[in-house]
Amino acid sequence: MRANLPVVLTARVPRRFYARPTVEVARDLLGKIIVRRIDGVDLAGRIVEVEAYLGGEDQAAHSYAGLTDRTRVIYGPPGHAYVYFIYGMYYCLNVVAEPQGKPGAVLVRALEPVAGIEAMRERRPRAKRLRDLASGPGKLTRALGVTLADYGADLTRGDLTVRDAPAVAPADIVVSPRIGITKSADLPLRFHIRDNEHVSRR
DNA sequence: CCGCGGATCTTCT
DNA sequence: GAAGATCCGCGGA
């Protein structure tokens with residue numbers, strides 16, 4: 001197998017980026033690059049779809065249950081990974097927002113693959129087309145090899161990081177209700193890049 | 001393209 | 001005991 005092409009690694013997004021209101025962090029994460037280094041290979045994808053899960057009255061948020069073993073990282077310092085296991089089969093990746101002590105997280109729902117695509121395909125052999133590779137929260141964690149071992153990982157350092165990239169123009173951000181939930185289902189907390197092929201539902 | 005059901009197990013009620 | 005921030009393959013249009 002051919003080695004993957006060189007990846008241009010931009011600066012890591014700094015801690016202060018995450019220590020803001022969850023909705024702001026969610027919108028501003030669009031366009032940023034998630035890089036996963038595995039066995040010396042960089043797998044990377046551009047964030048094209050996210051959802052915000054808030055503290056307070058957001059009944060869809062896992063933190064609505066309060067501080068438990070599962071949710072404690074959501075209450076911790078921002079810029080860390082909240083990973084959970086769902087439907088007996090899949091992992092979902094969130095980015096913790098808000099200052100420490102205040103719950104808030106951003107679910108990463110879809111990536112546009114930009115590097116290490118061959119390695120991602122090996123992890124997702126059933127993805128026929130490129131747009132099937134990471135166009136869903138369970139797909140992208142499988143493609144990047146993200147598991148509960150990444151619970152609490154610091155996204156500003158280590159082998160799972162978020163990298164700077166040009167901001168997406170506000171006019172190119174589409175806002176809609178979140179997907180796959182029943183409680184607090186009408187809040188406009190899903191954000192995706194307009195007309196992007198890699199969004200989970202079009 | 002669309003809708004439906006099965007897989008599979010952790011977490012909270 | 002049931003629901004859940006999902007995905008995939010199948011059958012029909």
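Proteins come first, then strands; the chains are lettered A, B, ... in the order of their sequence lines, and each starts at number 1.
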So, H62(A) versus Y82(A): side-chain donor-acceptor pair below 3.5 Å or not?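 Note: H62(A) and Y82(A) side chains meet the donor-acceptor criterion.
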On DNA chain C, reading 5' to 3', which nucleotide is the first and which the last to sit with an atom under 4.0 Å from a heavy atom of chain A, could you check?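 First-to-last contact on DNA chain C, by the 4.0 Å heavy-atom rule, is dG4(C) to dG9(C).
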Once side chain to side chain donor-acceptor pair (under 3.5 Å) is applied, what residue pairs with a partner in residues 85-107 of chain A remain, sequence neighbours excluded?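 Every side chain to side chain donor-acceptor pair (under 3.5 Å) pair that includes a residue of residues 85-107 of chain A, provided the two are not neighbours, is T22(A)-E98(A).
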With a sphere of 6.0 Å drawn around CZ of R15(A), does it hold more than 12 non-hydrogen atoms of other residues, nucleotides or ligands?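 Count over threshold, so yes.
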Could you run down nucleotides 6-13 of chain B 5' to 3' and tag each one B, S or - for protein heavy-atom contact under 4.0 Å? -BBBSSS-
How does DNA chain C read in dot-bracket, base by base from 5' to 3', with Watson-Crick or G-U pairs under 3.5 Å and | used when the partner is on another strand? ||||.|||||||.
With a 4.0 Å cut-off on heavy atoms, is R124(A) in touch with a base, just the backbone sugar-phosphate, or nothing at all?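 Answer is sugar-phosphate: R124(A) comes under 4.0 Å of backbone atoms only.
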Touch check for R142(A), heavy atoms < 4.0 angstrom, all strands: base, sugar-phosphate only, or nothing?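 Result for R142(A) = nothing.
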Mark yes or no for whether Y64(A), through its side chain, and L54(A), through its backbone, hold a donor-acceptor pair below 3.5 Å.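 Answer holds: no.
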Flag side-chain contact, heavy atom, 4.5 Å: [X] against [Y]:
X	Y	value
E112(A)	N196(A)	yes
V108(A)	L29(A)	no
R46(A)	I193(A)	yes
K139(A)	L133(A)	no

Sequence neighbours excluded, which residues qualify as side chain to side chain donor-acceptor pair (under 3.5 Å) partners of T161(A)?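 By the side chain to side chain donor-acceptor pair (under 3.5 Å) rule, T161(A) matches R163(A).
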Enumerate the residue pairs fulfilling salt bridge (charged side-chain N to carboxylate O under 4.0 Å, His left out) with a member in residues 47-60 of chain A, sequence neighbours excluded, ordered by first and then second residue.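 Every salt bridge (charged side-chain N to carboxylate O under 4.0 Å, His left out) pair that includes a residue of residues 47-60 of chain A, provided the two are not neighbours, is E49(A)-R109(A), E49(A)-R190(A), E51(A)-R109(A), D58(A)-R178(A).
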